[in-house]
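Remarks on the structure that follows.
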Amino acid sequence: MQQSLNKKIVLITGAATGIGKAVALRFGQEGSHVIINYLNRKADAETVAEAVKAQGGSAVCMQGDISREDDVVKLFAAIRKQFGRLDVLVNNAGMQQDSNFIDMTLDDWNAVINVDLTGHFLCAREAARLFMQQPQEDSDRSPGAMVFITSVHQNIPWSRRANYCAAKAGAAMLMKTIAQELAPHKIRVNAIAPGAVKTPINIENFQNPESKEKIMRKIPYGRAGKVEDIAAAVAWLASDEAEYITGETIFVDGGMELFADFAHGG
Ligand code: BGC
């Protein structure tokens with residue numbers, strides 16, 4: 001438990017399923033007020049809200065397409081109206097739309113860049129504006145923190161995912177740049193880079209024994225990531241215990257970044 005997250009107002013984008021859902025539940029356990037943003041899975045978002053309440057937190061669902069500036073502005077206006085402030089943004093919503101590079105359409109490119117990169121920019125900008133305006137009891141304390149959910153593919157190239165890798169690498173650099181710019185305001189900005197975590201984005205690969213075996217060979221720790229592994233790291237990074245950390249990425253990937261093949265000779 002992170003005492004500092006109790007009663008904090010936390011927005012999680014794309015929180016109806018997958019990693020976002022687990023992050024919502026984790027903040028629920030911490031006693032936070034969780035804002036569950038979703039695109040079109042209203043029923044799933046409502047189920048998450050009930051689960052957050054059952055964990056001891058409170059929750060509301062707010063629809064909004066984070067790739068659209070008008071939706072993001074409306075989302076933050078609704079937060080301002082209902083809560084008057086925001087303490088944590090978890091920039092989670094993301095998607096993949098894979099294609100051979102030579103067949104990749106501009107629509108495939110834009111779909112992923114718009115959500116995984118531009119969406120993160122829009123939410124981070126609105127969060128920063130809100131953080132900078134909201135009254136602080138103590139000027140030495142952080143007015144708010146952001147955690148971006150990126151991917152090991154911010155660093156690891158991945159054929160057939162040029163759009164996804166470019167978006168994740170872009171989000172990582174966006175995170176570092178705004179961490180530098182916002183640090184004097186005591187706004188912390190960090191990222192969690194998950195490895196192969198079983199979620200709707202890749203569940204098919206885990207269901208097929210051949211592709212599952214290929215994924216497992218890349219994970220020195222010998223198991224797939226659990227959504228709770230990611231949620232625990234997000235909660236800690238958002239908490240006051242991580243107060244002196246900004247501009248960092250924590251890889252939560254069972255060692256996927258460790259060039260696993262080298263374990264068997266160079
Ligand atoms: C992707 C997953 C993939 C994992 C490891 C994530 O960013 O969304 O589909 O399994 O990276 O490659």
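In each ligand, atom 1 is the first atom listed, and ligand 1 is the first ligand listed.
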Distance from atom 10 (O) of ligand 1 to nearest protein heavy atom, with residue and atom: N202 ND2, 3.1 Å
Heteroatom distance test (T150, ligand 1): nitrogen or oxygen, under 3.5 angstrom: no
Ion pair check, R141 and D240, cut-off under 4.0 Å: yes
Atom 5 (C) of ligand 1: the protein heavy-atom neighbour that sits closest, reported with distance to 0.1 Å: H153 NE2, 3.5 Å
Minimal non-hydrogen separation, I187 against P143, with atom names: CG1-CG, 3.7 Å
Check ion pair K42-D44 (N to O, under 4.0 angstrom): no
K168 near ligand 1 by a heavy-atom separation under 4.0 Å: no
L89, V189, N190, I192 screened by side chain to side chain contact (heavy atoms under 4.5 Å, CB included) with F148, the one that passes: V189
Side-chain (Q154) to main-chain (A172) donor-acceptor, under 3.5 angstrom: no
Numbered atoms of ligand 1 (with element) below 4.0 Å of I201, judged on heavy atoms: 8 (O), 9 (O)
Best match, F206, Y164, W158: closest heavy atom to atom 3 (C) of ligand 1: W158
S151: numbered ligand 1 atoms lying under 4.0 Å from its heavy atoms: 6 (C), 7 (O), 11 (O)
Any donor-acceptor pair under 3.5 Å from Q97 side chain to W109 backbone: no
salt_bridge(K218, D253) N-O dist < 4.0 Å: no
Where ligand 1 meets M256 - atom numbers and elements under 4.0 angstrom, heavy-atom basis: 5 (C), 12 (O)
Close-contact set for ligand 1 against Q96 heavy atoms, below 4.0 Å: 1 (C), 2 (C), 8 (O), 9 (O)
Atom 4 (C) of ligand 1: nearest protein contact (heavy atom, Å): G195 O, 3.5 Å
